Amino acid sequence: MKKVWRFGLSAGIAMSLLTACGEEAETVKESPAEPVEETAGAEFPVTLIDAVGEEIVIEEEPDAIVSLVPSNTEIAYGLGLGDKMVGLSDYDNYPEETEEVEKIGGQEFNVEKIISLQPDIVLAHESGLGVGEGGLQQLREAGISVLVVDSAINFEEVYETMATIGQATGAIEEAEMMVDEMKQEVGEIEELAASVEESKSVFIEVSGPPEIYTAGSGTFMDEMLSIINAENVADDFEGWVSLDPEAIIEKDPDVILTTYGYYNAEAIDQVLSRDGFGGITAIENEAVYDVESDLVSRTGPRLTEGLMEMAEAVYPEVFSE
């Protein structure tokens with residue numbers, strides 16, 4: 001009988017962000033995955049300590065890679081490793097080439113299928129720990145290197161993840177280039193945001209009724225608002241929280257951003273017509289916009305696209321000219 005292990009998001013915002021194929025979630029943070037010793041170039045063997053404290057020794061440059069989450073997949077493709085990907089999660093949809101790669105499950109990953117693909121390394125994610133640890137251990141016992149990367153909650157941690165994956169796969173220079181490019185793009189957006197004369201308050205709605213979830217402090221979306229010089233009206237809460245409509249009305253945001261329009265085309269209209277919301281500044285000014293969830297929830301190289309999309313929605317007078 002085949003064993004299938006769950007590898008998914010934390011509770012609370014699972015339905016919203018899972019459908020969006022993102023992995024950002026509130027987790028218990030451990031030491032970031034870092035190299036035990038600095039290595040020159042792409043020399044092997046490479047020894048790493050991953051997000052769960054496991055020491056991984058990668059003897060040779062991997063030729064076959066399995067990724068369990070979309071953010072790791074997008075990083076891998078961005079590093080030019082597409083031809084080495086032999087197994088991906090059901091939620092992988094970018095780039096287009098991912099459609100042609102064997103799928104190993106969504107929230108649930110199939111241990112036997114992964115083993116049959118004979119990967120040299122499996123790129124796992126901290127957000128899937130707990131319910132997925134047994135499956136990961138089976139992969140280790142099968143002789144497969146398993147690298148669990150951190151659940152990044154800010155850009156610096158994303159850069160660290162990229163460097164770690166680059167070192168594990170022999171794509172060190174490519175990772176450095178990816179990080180440098182992202183830093184430059186973030187810097188350009190920050191520079192434009194500095195010209196904002198009056199900052200706006202923003203409510204991010206990551207899931208609609210019956211439970212309206214938003215991003216509080218300590219989340220990636222909170223940092224993104226800070227970068228574009230906007231105020232997160234939910235920053236007095238930590239992590240992912242559910243707010244009653246009355247609380248949102250009291251916050252009176254200037255702008256409301258939804259992140260689920262990809263599966264609910266009426267998301268904006270539903271917010272605009274929501275009972276009791278008529279007096280909110282964002283509703284009065286019809287300042288309700290949808291941003292692509294994958295771009296603001298997947299902690300990978302497209303985050304700067306999401307940051308710009310968010311900036312254009314909040315400050316079109318600055319970023320859309």
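Just so it is clear, the model here is predicted, and its values are computed rather than measured.
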Grouping I, L, V, M, F, W and Y whenever their side-chain heavy atoms are under 4.5 Å apart, do [X] and [Y] come out in a common cluster?
X: Met182; Y: Val296; result: yes
X: Tyr315; Y: Val255; result: yes
X: Val149; Y: Val57; result: no
X: Met177; Y: Ile172; result: no
X: Leu295; Y: Ile227; result: no

Exercise. Please list all pairs passing the side-chain hydrogen bond (donor to acceptor under 3.5 Å, both in side chains) test where one or both residues lie in residues 277-291, with sequence neighbours left out.
Key: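 Listed once each, the pairs are Asp252-Thr281, Thr258-Asp290.
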Only counting residues at least two apart or in another chain, list the ones meeting side-chain hydrogen bond (donor to acceptor under 3.5 Å, both in side chains) with [X].
X: Ser145; result: none
X: Thr161; result: none
X: Asp254; result: Ser201
X: Gln270; result: Asn264

Self-check item: Check: Asp50 side chain, Val148 main-chain N or O, donor-acceptor pair, under 3.5 Å
Solution: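 Confirmed, Asp50 side chain pairs with Val148 backbone.
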Exercise. Would you check if the side chain of Asp90 reaches a backbone N or O of Lys103 as a donor-acceptor pair within less than 3.5 Å?
Key: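 Side chain of Asp90 to backbone of Lys103: no pair is present.
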Practice problem: Using distance alone, with no hydrogens and no angle criterion, decide if Ser293 and Thr259 have a side-chain donor and acceptor under 3.5 Å apart. | Solution: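 Per modelled atom types, Ser293 and Thr259 side chains form no pair under 3.5 Å.
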Self-check item: Pair Ser89-Asp92, side-chain donor/acceptor within less than 3.5 Å
Solution: yes
What pairs of residues pass the ring pair (Phe, Tyr, Trp, His ring centres under 6.0 Å) test when at least one of them lies in [range], not counting sequence neighbours?
range: residues 180-199; result: none
range: residues 144-195; result: Phe155-Phe220
range: residues 166-200; result: none

Just how far is it from atom [atom1] of [X] to atom [atom2] of [Y], taken to the nearest 0.5 Å?
X: Glu174; Y: Glu176; atom1: CD; atom2: CD; value: 9.0 Å
X: Tyr77; Y: Asp83; atom1: OH; atom2: CG; value: 9.0 Å
X: Leu123; Y: Leu81; atom1: CG; atom2: CG; value: 8.5 Å
X: Asn232; Y: Ser226; atom1: CG; atom2: OG; value: 9.5 Å
X: Leu272; Y: Ile283; atom1: CG; atom2: CD1; value: 5.0 Å
X: Leu225; Y: Glu231; atom1: CG; atom2: CD; value: 9.5 Å

Are side-chain heavy atoms of [X] and [Y] found at a separation under 4.5 Å?
X: Ile65; Y: Val86; result: no
X: Leu68; Y: Ile104; result: yes
X: Phe109; Y: Leu136; result: yes
X: Ile56; Y: Glu54; result: yes

Quiz item: Counting only heavy atoms not in Glu141, do more than 12 fall under 6.0 Å of its CD?
Solution: yes
Quiz item: Do other residues, nucleotides or ligands put more than 12 heavy atoms under 6.0 Å from the CD atom of Glu97?
Solution: yes
Exercise. Identify, with sequence neighbours excluded, every residue that meets salt bridge (Lys or Arg N to Asp or Glu O under 4.0 Å) alongside Asp236.
Key: Lys251
Practice problem: Can you sort out the partners of Glu205 under salt bridge (Lys or Arg N to Asp or Glu O under 4.0 Å), two or more places apart, ordered by chain and number? | Solution: Arg274
Practice problem: Could you walk me through whether Leu48 and Thr164 pass side chain to side chain contact (heavy atoms under 4.5 Å, CB included), step by step? | Solution: CA-CA 8 Å; Leu48 300 168; Thr164 298; 4.3 Å; yes
Quiz item: How would you list, by chain and number, every residue that makes a ring-ring contact (aromatic ring centres under 6.0 Å, His included) with Tyr94, sequence neighbours excluded?
Solution: none
Exercise. Could you pull out the closest heavy-atom pair between Val314 and Ala230, with the gap in Å?
Key: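 Heavy-atom minimum between the residues: CG1-CB, 4.3 Å.
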Can you give each donor-acceptor pair under 3.5 Å made by side-chain atoms of residues 302-312, sequence neighbours left out, with the distance rounded to 0.1 Å?
| residue | atom | partner | partner atom | Å |
| --- | --- | --- | --- | --- |
| Arg302 | NE | Glu74 | OE1 | 2.9 |
| Arg302 | NH2 | Glu74 | OE2 | 2.8 |
| Thr304 | OG1 | Glu185 | OE1 | 2.6 |
| Glu309 | OE2 | Glu292 | N | 2.7 |

